[in-house]
Each structure stands twice: as C-alpha cells, then as structure tokens.
S.K.: 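Take this structure, written in structure tokens, and hold onto it; I'll ask about it next.
Given the structure is predicted, the values throughout are model-derived calculations rather than measurements. Position 1 is the first residue of the sequence, and the numbers go up from there. Just so it is clear, the values below take in all heavy atoms, side chains as well, and ignore hydrogens, waters and symmetry mates.
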Amino acid sequence: MSNKIVSGRDAAALIYSGDTVTTSGFVGAGVPDALLKALADRFGDEGRPGGLTLVFAAGQGDGGERGLNRLAAPGLVRRVIGGHWGLIPKLAALAVKGEIEAYNFPQGVISHLYRDIAAGKAGLISQVGLETFVDPRLGGGRINDVTKEDMVEVISVRGQERLLYHTMPIHVALLRGSTADERGNITMEREALILDNLAQAMAARNSGGVVIVQVDQVVAQDSLPTRDVVIPAMLVDAVVVATPDLHPQTYASQYNRYFTGRYRKPEEVTGSMPLDLRKVIARRAAMELPVGGVVNLGIGMPEGVATVAAEEGLLNHVTLTAEPGVIGGQPASGLDFGAAVNTQAIIAQGSQFDFYDGGGLDLACLGMAEVDGTGNVNVSRFGPKLAGAGGFINISQNARHLVFAGSFTAGGLDVQISNGQITVTSEGRTSKFGAAVEQITFSGARAQRLGQPVLFVTERCVFRLSPHGLSLIEVAPGIDIDRDILAHMGFVPEISEVEEMDPRIFTDAPMGLRDDLLTLGMDRRIQYDADRDTLFINLAKMNINTRCDMAEIRTRVETILAPVGRKVDVVVNYDQARIDDALAQDWAAMVDDLEARLYKRVTRYSTSAFLRRKLGRTLQRRRRATIFDSERAAAAALYDP
C-alpha cells in the first residue's frame, strides 16, 4: 500500500498542462483552498501546468482572493465551464474580456454531468435551459466570442424538445473532506455540505484521471466508521492535510458545529428584522408560502423570507431547502450561504437537483435584476458584470409556483415606511422593469405556455404573469400608480383589477401570518368562480374527523351553489388533507350525492402520492381517474375531451 499522504506541492505536480480539472465547493463551504493555492503557487514558480480546462458547478469564492479566484493568473486556465461566476470576479473578468474560452451552464446541469461522465455517457439530456441563454438558439451558454465549440444542442426525445449537454473526460478532481485514514478513505463530518464529491471522484477515476482530496486530519487506516465514508479509498490518489487558514468551514465561519447537521442549535428568541424595504418585500413573498410544502429561497432579497417565516412561527410548517443539498432548518446568509442550522437532512447536490428538476419544489422565491413585459428575467449578465445563472435556471423552470422578489428600482432607492404606508423618498437610478432584458435567464413565454404561476413582488407593487405578459395586481398603500410605478417602467403592464397590498406588511408588528395560512374558514375554502363556472374546494391541511365536519362542507357547497341553479365544474384540493378511516365510506357516499345533484365534471389533486392512492380507492368509479398531482393538471382535465 503506497502512502497517499502528500504535500500540497507534490499534489500539484500530479496536474499536467492541458488537463481538465474539476473542483468542489459552494461559496466557501467545501472549497479545497489548500489545493487551489498549491496549484496557483506552482504555476507562479514554474509556469506550469498551463492551459487547463476548469469545470465547476456552484460558485466557489469570496468575491476577492479566495476560492477559484486563485486560478486567474494569465495562462493557467484556457477554458472554464461554470455554473455561478459572481463570487469569482478575477476569472469572470478574463471571460468577459475574451482572454479565456468560457461557458455558463446551469449549476444542476453541471452537477448531473459528473454522474454521466462517471457512467461513460455521451451527454446529459435535460429540459433545463430551454428558451434561455443556454439554449443554442440563444447563445448556447457561451460568454464571449472567442468561445466557438458547441457544448449543448437541441434534440427531440419522444416528440419533446430537450437539450443535450456534452460530457468530457475529467483528468483531475480537487475535492475536500474532513478526515482521511491512511488508506485514503474520506469522511465529511465537519463539513457543512456533501456536494458532488463522490460523483466528481468517480468521474475522474473512470476518465483515467486522479483524485486529490484536502482534509484537516489523518487517522489510522480502517479506523473510520464505514457509513461515514463519503469518498472511498479506491477512488483517492492523494491526500493533503490543510492548515486551518486554508480549511475554514465557510468563508464566514471557521467552524460552526450546527452547520454539520450533527447538533441542533437551541431555540432562542432573536430580534426581528427592522421594518425596511427588505422586510416589506420578504413579508409579501412569505404570504405565498405553502403550508406543508417544500420551498427554495434564493440568495439576496429572498433570504429575508426565512427570517419572516421564523418571526411568524411558520418555519415548522414549511420545509426550506437550498440547492447544494440542505433540507429543512433555517438557511444561513452572506458568505455562510448554502449552510443551514437545525436541518432535517444534508444530501448530495446532484440528488437535490434531481428533486428540483422533477418538479419537487412547491414554491421557489428568487431574486430578479431585470424584467421585461413578457416576464423574461435576467439575473446572470449585465454588460461587463458576469454573475452567472447558478441553480437559478433549474429552480425557476421547474418549481410548481414561482415568486421573484426584489426592489422596484436599484441604485440609491430609499423609502419611508410609517402608519401602514410606504413613501418613495429617493428613487433608484436604475429601472428593473425595462423594455428588454440583456440575457434571458428565465423565459416568461415558456412559463406562461406551460401554465406556471409566477408573481413579481416589490416593495410598492405586485405583478402576475398573465397570458399577455405582466399584469399589475397589487399596489402598496401610499403609492401612486402613474407617478411611482408606470413612470419608471419601460413597458405598460396590463392593468385591470388592482387591489391594495395588505396593510399589515407596512406595520411594525407581527402580521399573524401563521393563523392566516393554517386556519381557513369554509367561506375561504369553498368558493365559486362565476367567470369559469367552476367551484373550487380547498381541503388542504384539513382534518375531517367527524360527521359534523362532513356536514359543514356539504352545507357550504349546497348553499353556495343554490343560487346558480345548475350543475357546475368542480376542482378539489386534497393536499395534506386527512379523512378519518372510519368515515371513508360515508365520505364517498356524500361525494356521490353531491356529484349526482350538483357537479357537472369534477377533478381532484394532491401532491401526496399516498393520499392520491387512498382517495383513488375511496372514490373509485367506473369512469376515468379524477385525482391528479397538481392544481394545473386537475384544472386542465376539466376541459380535456
């Protein structure tokens, strides 16, 4: 058995000019800074290795000197394929100037490419990126004109358009763990995230490359718990023990035991956010939180939604997630972003994106920098500033509901909030709602065509994505539509029925949002839409334990439909509803009676596969199935011939 414990300098000597190198990390979590420094130092001393191709999924840097910023020396890197560029301005500057070849692909796509490279596949087939700047018809993810090679193409799979992202061999994987044994088995017990370490190691190994792992300690061989090993020794060629300054848990925390998921942070009373522009936006976005649902919150303005949810007592009623693999708990912010405390689980990044890409998110709340009249959003490119898409495209394209949150204008915006109103005291220099976006990171036309519900939340108004583009639906108290909204837009939104934003948003006191979302009266649960001639019955989160509960529902339905005088279409939301087993037959009999007397066509939906199966048996009929996995599918089925 050869000794795998080597110095950083010796590890860097394993990298040859022209190699394709991949690195782990998310912001500052899991970044192998000791290895990156050793590589940069060797190039500075010897001028080699040069002409590298760098592949990374998440942004890895602090916006200054650390992380992938270390690799920005001219000649060290020839080509970069990356997901998020905002934290690595030195490499981004080389890309924007055309001094290196550069691509920006969705973070989840690159994460999944590692697995496909490991499996020897020719490419990754995905819907992610269609009709955005990643689509080859809109640029193919190229960042500059010197980048010529096509790395993605449009294909047809069973009559559906998809993108095929090309795989490539990985020659070197620079990874990071916590502990190595003398054989080279790697655990990650003190890391904030697992990320793609295993997939990256397999990709390099099966490409005939080398795997180098940075750790902070080495123990005797065969002394690590088998189930704790994330990267097995058979995949590891070299191990470097890093000094503490090159192995912080994140770029904001040297070590936080609660980020590991092995300890729970004691519950404590924390101060509330000040009532400012940021909190106003977060409060309105928090009103869209789905009780019992799974949520992703983006970096920046959406981070405040987690704080508002905590203030309003809602954290235990939603599952917050972050794209590097965090499930549950409360996400951290700033240079701790990606980590979280009191998590339910920390899984591999690629698995998280499997869940996201398949439509697992009930809600995503993301930032917005530029928005046009059709609902296109740009968060990735602004002239010489290259931010990159990160996981934005995966998340925004596939979430069941989507909220974009951000200030109405940028650059010097100042507002005053008092007496339940908001006043613009200094308008921002830059309008976010313009005639066109520089780059399409989110396609409004695609979302509208697929029926994805989308809101745009600002401190002064709320827009909805409608069939005709953006529609103004809410205005804050104290705001004049012409003076404060339309005068600062590059297009005229659709304006029909405009409501006032909830005044509680602008009052420095708890909103009582928990009661709003968890307690619904029958008058709000069961409503008739005359325009669509459809009755909507919302039984979500409802416990139906007695015949009195059933009678209340039946009475409300009969009362509301009595003036209509004819049968109507019905959509029923059973999401997380619970019907006592002893009432199953009575419930089916009641539904039979209502359908016979009052319903024309009826569809039902629940995101719970278990509940769909149970209700399918309880309400089984001799006609086609009528319970679906989403409101959109249920509503569409009413008109499916």
S.K.: Could you tell me whether the side chain of Gln439 and the main chain of Val379 form a donor-acceptor pair under 3.5 Å?
M.R.: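 Checked: no pair found.
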
S.K.: For Phe433 and Phe408, take the angle between the two ring planes, folded into 0 to 90°, and tell me which bin it lands in: parallel under 30, tilted 30 to 60, perpendicular over 60.
M.R.: parallel

S.K.: Would you check if Leu175 and Val211 make a side-chain contact, meaning some heavy-atom pair closer than 4.5 Å?
M.R.: yes

S.K.: Please step through side-chain hydrogen bond (donor to acceptor under 3.5 Å, both in side chains) for the pair Gln127 and Asn398, ending with a clear verdict.
M.R.: CA-CA 9 Å; Gln127 78 278 9; Asn398 298 300; 3.0 Å; yes

S.K.: Would you say that more than 12 heavy atoms from the other residues, nucleotides or ligands in this model lie under 6.0 Å from the CZ of Arg464, or not?
M.R.: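 No, the 6.0 Å shell around CZ holds no more than 12 heavy atoms from other groups.
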
S.K.: To the nearest 0.5 Å, what is the distance between CD (Glu161) and CG (Leu163)?
M.R.: 8.0 Å

S.K.: Please name the residue in the list Ile395, Val371, Asn378, Leu402 that meets the side-chain contact (heavy atoms from CB on, under 4.5 Å) test with Phe442.
M.R.: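 Result: among Ile395, Val371, Asn378, Leu402, Leu402 is the only option passing the side-chain contact (heavy atoms from CB on, under 4.5 Å) with Phe442.
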
S.K.: Closer than 3.5 angstrom, by distance alone: can the side chain of Ser207 be matched with the main-chain N or O of Ile170 as a donor-acceptor pair?
M.R.: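 Yes, because the side chain of Ser207 sits within donor-acceptor range (under 3.5 Å) of the backbone of Ile170.
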
S.K.: Report yes if some heavy atom in the side chain of Arg78 is under 4.5 Å from a heavy atom in the side chain of Leu54; otherwise report no.
M.R.: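 Sidechains of Leu54 and Arg78: no contact.
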
S.K.: I'd like to know whether the aromatic ring centres of Phe463 and Phe404 sit less than 6.0 Å apart in this structure.
M.R.: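 Centroid separation for Phe463 and Phe404: 6.0 Å or greater.
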
S.K.: Taking Thr167 for the side chain and Ala122 for the main chain, is one N or O donor matched with an acceptor at less than 3.5 Å?
M.R.: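 Such a contact is found between Thr167 side chain and Ala122 backbone.
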
S.K.: At their closest point, which heavy atom of Ile194 faces which heavy atom of Met188, and how far apart are they?
M.R.: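 Shortest heavy-atom contact: O-CE, 3.8 Å.
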
S.K.: What I want to check is whether the side chains of Thr250 and Asp336 have a donor and an acceptor closer together than 3.5 Å.
M.R.: yes

S.K.: Checking Tyr103 against Thr147: is there a side-chain donor and acceptor pair closer than 3.5 Å?
M.R.: no

S.K.: Hey, what do you get for CG (Asn104) to CG (Leu386), rounding to the nearest 0.5 Å?
M.R.: 6.0 Å

S.K.: Could you work out, with side-chain hydrogen bond (donor to acceptor under 3.5 Å, both in side chains) as the rule, every residue matching Asp354, not counting sequence neighbours?
M.R.: His112, Arg115

S.K.: Rounded to the nearest 0.5 Å, what separates atom CG in Leu71 from atom CG in Leu39?
M.R.: 5.5 Å

S.K.: From Glu474 CD over to Leu455 CG, what is the distance, rounded to the nearest 0.5 angstrom?
M.R.: 8.0 Å

S.K.: Enumerate the ring-ring contact (aromatic ring centres under 6.0 Å, His included) contacts for residues 147-169, please, sequence neighbours excluded, ordered by first and then second residue.
M.R.: Phe105-Tyr165

S.K.: Step by step, work out the salt bridge (Lys or Arg N to Asp or Glu O under 4.0 Å) result for Arg176 and Glu191.
M.R.: CA-CA 9 Å; Arg176 177 175 135 165; Glu191 302 301 309; 2.8 Å; yes

S.K.: Can you list the steps and then say if Glu101 with Lys148 is a salt bridge (Lys or Arg N to Asp or Glu O under 4.0 Å)?
M.R.: CA-CA 8 Å; Glu101 298 176 24; Lys148 303 296 185 182; over 6 Å; no

S.K.: Under a 3.5 Å cutoff, is there a donor and acceptor pairing between the side chains of Glu323 and Asn394?
M.R.: no

S.K.: Keeping His171 on the side-chain end and Thr20 on the backbone end, is there a donor-acceptor pair under 3.5 Å?
M.R.: yes

S.K.: Rounded at 0.5 Å granularity, tell me how far CG in Leu87 sits from CD1 in Ile299.
M.R.: 6.5 Å

S.K.: Would you give the length of the straight line joining atom CZ of Arg449 to atom OG of Ser443, rounded to the nearest 0.5 angstrom?
M.R.: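 Answer for the CZ-OG pair, Arg449 versus Ser443, is 7.0 Å.
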
S.K.: Does the side chain of Gln60 come under 3.5 Å of the side chain of Thr23 through a donor N or O and an acceptor N or O?
M.R.: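 Their side chains do contain a donor-acceptor pair, which is all the 3.5 Å distance test asks for.
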
S.K.: May I have all residue pairs that pass side-chain hydrogen bond (donor to acceptor under 3.5 Å, both in side chains) and include part of residues 83-98, sequence neighbours excluded?
M.R.: Glu65-Lys90

S.K.: For a quick check under 3.5 Å, do Thr132 and Thr441 share a side-chain donor-acceptor pair by atom type?
M.R.: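 Their side chains do not contain a donor-acceptor pair, so the 3.5 Å distance test is not met.
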
S.K.: Can you tell me if Asn206 uses its side chain to pair, donor with acceptor, with the backbone of Ala203 under 3.5 Å?
M.R.: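 No; judged by distance alone, with no hydrogens or angles, the pair does not exist.
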
S.K.: Do Gln349 and Asp196 pair up side chain to side chain, a donor and an acceptor below 3.5 Å, judged on atom types alone?
M.R.: yes

S.K.: Strictly distance-based, threshold 3.5 Å: is any side-chain N or O of Arg381 a donor or acceptor partner for the main-chain N or O of Ile143?
M.R.: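 Between the backbone of Ile143 and the side chain of Arg381 there is a qualifying donor-acceptor contact (under 3.5 Å).
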
